[in-house]
Amino acid sequence: MRTKILLDEEDIPKRWYNVGADLPTPLDPPLNPATRKPLQPQDLEIIFPKSLIRQEASTERWIDIPEEVRDIYRLWRPTPLFRAFKLESALKTPARIYYKYEGVSPAGSHKPNTAVPQAYYNMVEGIERIATETGAGQWGSALSLATCLFDMECTVYMVRASYDQKPYRRSMMRTWGAECIPSPSDRTESGRRFLKEYPNTSGSLGMAISEAVEDAAKHENTNYALGSVLNHVLLHQTVEGLELKKQFEIADDFPDFIFGCVGGGSNFPGMCFPYIPDKLKDHKEMRMVACEPTACPTLTKGLYAYDFGDTAMLTPLLKMHTLGHDFVPPGIHAGGLRYHGDAPLLCNLVNDGLIEARAFHQNEVFKAATTFARSEGIIPAPEAAHAIKATIDEALKCKESGETKTLMLSLSGHGHFDLSAYDAYFDGLLIDYEYPAELVRQSLAKLPQI
Ligand SMILES: *Cc1c(COP(=O)(O)O)cnc(C)c1O
């Protein structure tokens with residue numbers, strides 16, 4: 001049995017899998033925020049290319065991956081599937097643990113899997129520049145890479161707090177030729193308004209989204225791109241799971257569990273959605289577990305309801321698990337997991353009981369990350385470490401019961417830009433935070449009435 005299960009470049013999928021074709025319960029449509037009626041494709045054309053709008057609403061099971069996109073995927077795909085022999089012996093578990101590592105992409109995470117096709121479709125429709133927001137900096141760097149490879153411009157509104165605290169993500173974006181602006185900025189009307197109202201603000205994802213959308217809406221040659229949550233993003237991420245199925249065939253094994261962390265919900269659905277038809281048909285026992293922080297417990301404590309995607313209440317209303325659009329998560333160190341909502345496709349399947357969710361505290365998550373780094377070598381992104389924690393828990397259960405289950409972990413990225421968070425953990429400075437039920441109730445009281 002090999003440690004790494006590798007595929008050839010020809011094994012990079014030729015089509016993405018759209019789980020929208022196989023949902024037991026149809027997806028509730030996104031609503032126009034003004035009329036509260038189902039959104040029309042034209043409503044989105046001011047900021048998105050037509051091809052992505054079509055993918056967003058598509059219920060076709062398979063969608064061709066353009067050859068130009070596969071050609072760029074070749075730079076790091078197929079990604080390796082590892083058998084975690086060393087972690088298994090460290091835990092003394094009879095379970096077989098596997099992880100698929102997306103940290104081998106140039107940006108260090110799964111996010112280029114969607115950044116590349118998004119840049120491509122915009123380029124084909126004549127768009128010259130893409131504006132976006134970034135919180136922790138991972139999405140901003142992925143989109144900077146993708147636009148650079150298609151000779152496009154990129155403007156990234158980066159939440160002021162991370163702009164100051166994570167200078168190296170910013171350096172990456174500059175290296176790939178993007179312009180990175182701390183948000184709120186004086187570039188946009190909404191930015192100037194935020195600055196006037198809150199002169200000392202350290203920014204928020206909600207504010208940065210408003211700035212990027214405004215920039216895209218006001219410039220003919222500019223569109224907007226989102227790194228998670230939307231259907232077309234999850235579609236693009238299925239390259240992960242489609243490769244994974246081939247790799248498990250080579251390993252002559254089948255996952256009993258798939259674990260993945262959820263911020264907006266893209267790396268985890270990308271890994272497990274291609275198994276949804278298997279689960280619906282033959283392998284009813286297979287379990288898919290979404291892992292999130294107790295400080296931002298969207299799937300475990302949120303309500304399944306229509307809500308806005310941003311704080312300024314400008315985006316379409318999406319049916320999703322939400323903590324409320326004005327929910328302000330505490331400053332935990334897994335920056336990529338601090339979103340108040342989650343992808344509608346993922347929430348639909350959670351609501352139908354096909355996918356389950358668990359929440360974890362930061363200290364236990366960093367402990368699991370350290371165990372992983374000290375056995376497998378890779379220093380994981382704090383986001384991905386939530387899935388490691390869940391995997392280790394399950395492996396220890398197997399040790400007690402003596403069961404030889406197959407556990408599959410989505411390792412969404414490396415933690416090379418998060419080492420100050422590791423230092424905070426080693427120095428005992430991390431605070432475990434359970435978001436108070438009362439505050440969740442207050443935020444949820446402000447949901448739009450549909
Ligand atoms: C952004 C990010 C996440 C969270 O986003 P999802 O859309 O839920 O996948 C998780 N891990 C890494 C490494 C990220 O960069």
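None of these values were measured; they are calculated from a predicted model. As the structure lists them, so they are numbered: ligands from 1, and atoms in each ligand from 1. Reckoned from all heavy atoms, side chains included, excluding hydrogens, waters and symmetry mates.
Cation-pi geometry between Lys405 and Phe257 is not satisfied (NZ or CZ under 6.0 Å from the ring centre, within 45° of the ring normal).
A salt bridge is defined here as a Lys NZ or Arg NE, NH1 or NH2 lying under 4.0 Å from an Asp or Glu carboxylate O, and Glu394 with Lys397 meets this definition. We find that Glu240 and Lys245 are not joined by a salt bridge, their nearest charged nitrogen and carboxylate oxygen being 4.0 Å or further apart.
Pocket lining of ligand 1, defined as residues with a non-hydrogen atom under 4.0 Å away: Ser109, His110, Lys111, Gln138, Ser228, Cys261, Val262, Gly263, Gly264, Gly265, Ser266, Asn267, Gly336, Leu337, Ala381, Glu383, Ser412, Gly413.
With rounding to the nearest 0.5 angstrom, the CG atom of Leu226 is 4.0 Å from the OH atom of Tyr224.
Taking Glu102 as the reference, Arg77, Thr79, Asn113 meet the side chain to side chain donor-acceptor pair (under 3.5 Å) condition, with sequence neighbours excluded.
Panel note: side chain Asp432, backbone Asn363; a donor-acceptor pair is recorded below 3.5 Å.
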